[in-house]
Amino acid sequence: MGLDWRALAYALARPILFRFDPERIHRLTIRLLAGTGTHPAGRAIAALAGGVDRQPAPPIELVGLRFRNRIGVGAGFDKDAIAVAGWAALGLGFIEVGTVTPVAQAGNPQPRLFRLPDDEALVNRMGFNNHGAAALARRVMLARRYLPPDVVIGVNIGRATETDAGHAVDDYLACHRLVAPVADYLAINVSSPNTPGLRDLQTPAVLADLLVRLHEAGIQGGARPPLFVKLAPDLDPHALDALVTALLDTPAAGLILSNTTTTRGDLRSPPTAVAEGGGLSGAPLLAATLDAVERARRIAGAGLVIVASGGIGSAAATRAALDAGADLVQLWTGLVYRGPGLVGEAVRASA
């Protein structure tokens, strides 16, 4: 019932927001969240907008981490950890920031973010635009003072665009060194379609070697956050099965399913919008997400934490992801189309 007025308010605001360039609105959203998260009045307003009850579900413990609820925001929304406190104020149980690279990079030329309203989807070709790992680590450290103790922060790390394939591991190790001391978990992004050659790391042997190297770096550096791996939704079922099987014999603690897709399928949006290059996110990914989660859970059993990420835009989708075998659920594009009230809706559905 409390959700109704939030949904109505956002439904009235959305046509106005959608009149403006999507990346501009995205930046404004992050700034607004950043401002609300650091002040008591702002946090109260954010909590009202998110609509999460004080204790709608008991906390859950996974891989040594205590999550106040199962709902988080996926990487890519807040690449530079600018609004961590604001995300927490909305009521999320975990926040995944990044993808971050060792040093700052501008990403791909604009325009690079496109709405497909008829499909409740987005296409992006951002290209890991970020301020660099050191800047992100500092922001996460400073944000901790505003966070409840059971809000988990994950940091998603990747390879820089200019780094050749032969030195990709060096980039992940450099990111690990900078952000592992402030991260509750690390998400290893080997699946973005917007960094050429990145998906070549999605082979069992290469991925296993990368995870072992990162695990060893954690031992040597004294910071060992659990390692999650983010895979692409475009893997064929046999390749996904092989990767999940291989991950069981690596230091990986979790699996994020999945990233954006390069496929388009049967979309209702105008051909000019559909034809934009980049990764597709949003409602069209839900069926593939549920299938991937179910397959991965069947193979992994209790051996991996599974995070459903892709197409979660309602209470029903949240419940379906958990019923398919997910331990945690990430929101992203659904927030663009449903607004902040989706947080409370998803949290209640996960209880």
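Position 1 is the first residue of the sequence; numbering continues from there.
Side chain of Asp119 to backbone of Arg268: a donor-acceptor contact under 3.5 angstrom is found. Of the possible donor and acceptor atoms, none in the side chain of Arg68 sits under 3.5 Å from a partner among the backbone N and O of Pro59. Distance alone, capped at 3.5 Å, is enough to place a donor-acceptor pair between the Glu345 side chain and the Ala315 backbone. Distance alone, capped at 3.5 Å, is enough to place a donor-acceptor pair between the Arg115 side chain and the Phe18 backbone.
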Exercise. Mind running side-chain contact (heavy atoms from CB on, under 4.5 Å) on Leu186 and Leu214 for me, showing each step along the way?
Key: CA-CA 10 Å; Leu186 291 182; Leu214 290 169; 5.8 Å; no
Practice problem: May I have the step-by-step check of side chain to side chain donor-acceptor pair (under 3.5 Å) for Asp241 and His238, ending in yes or no? | Solution: CA-CA 5 Å; Asp241 292 353; His238 297 297; 4.8 Å; no
Exercise. For side chain to side chain donor-acceptor pair (under 3.5 Å), just list the numbers for Asp170 and Thr163, CA-CA rounded to whole Å, side-chain angles, deciding distance to a tenth of an Å, and then say yes or no.
Key: CA-CA 9 Å; Asp170 295 335; Thr163 301; over 6 Å; no
Quiz prompt | From CA spacing to verdict: side chain to side chain donor-acceptor pair (under 3.5 Å), Asn259, Ser192 | solution = CA-CA 6 Å; Asn259 212 315; Ser192 171; 5.2 Å; no
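One finds no salt bridge joining Asp21 and Arg27 here, because no Lys/Arg side-chain nitrogen approaches an Asp/Glu carboxylate oxygen to under 4.0 Å. Between Arg338 and Glu120 there is no salt bridge, since no side-chain nitrogen of the basic residue lies less than 4.0 Å from a carboxylate oxygen of the acidic one. A salt bridge is absent between Arg297 and Asp323; no separation between the charged side-chain nitrogens and carboxylate oxygens falls under 4.0 Å.
Between His131 and the options Arg139, Arg138, Gln105, a side chain to side chain donor-acceptor pair (under 3.5 Å) holds for only Arg139. Across Asn124, Thr333, Leu280, a single residue satisfies side-chain contact (heavy atoms from CB on, under 4.5 Å) together with Thr260, and that is Asn124. Of the candidates Val329, Val307, Thr318, Leu328, Leu328 is the only one forming a side-chain contact (heavy atoms from CB on, under 4.5 Å) with Arg70. The one candidate from Asp78, Leu28, Leu90, Val84 that meets the side-chain contact (heavy atoms from CB on, under 4.5 Å) condition with Leu33 is Leu90. With respect to Val244, the side-chain contact (heavy atoms from CB on, under 4.5 Å) criterion is satisfied by exactly one of Ile299, Leu235, Ile306: Ile299.
In this structure, Trp332 and His26 have parallel ring planes: the angle between them is below the 30° cut-off, well short of the 60° mark. Relative ring orientation between Phe67 and Phe94 is described as perpendicular, the plane-to-plane angle rising above 60° on a 0-90° scale split at 30° and 60°.
Annotation: side chain of Val100 is in contact with side chain of Val155 (closest heavy-atom distance under 4.5 Å). At least one side-chain heavy atom of Thr29 sits under 4.5 Å from a side-chain heavy atom of Ile25.
A single hydrophobic cluster is seen to contain both Ile95 and Ile157, as judged by linkage of ILVMFWY side chains at heavy-atom distances under 4.5 Å, directly or through other members. Hydrophobic clustering keeps Leu136 apart from Tyr185 (ILVMFWY residues linked when any side-chain heavy atoms are closer than 4.5 Å, directly or through intermediates). A chain of hydrophobic side-chain contacts below 4.5 Å, direct or via other Ile, Leu, Val, Met, Phe, Trp or Tyr residues, connects Leu122 to Ile30.
Pairing each heavy atom of Glu276 with each of Arg264, the nearest pair is O-NH2, 2.9 Å.
Around CZ of Arg144, the count of heavy atoms belonging to other residues, nucleotides or ligands within 6.0 Å exceeds 12.
At a cut-off of 3.5 Å, with distance as the only test, a side-chain donor of Asp234 or Thr261 sits close to an acceptor on the other residue.
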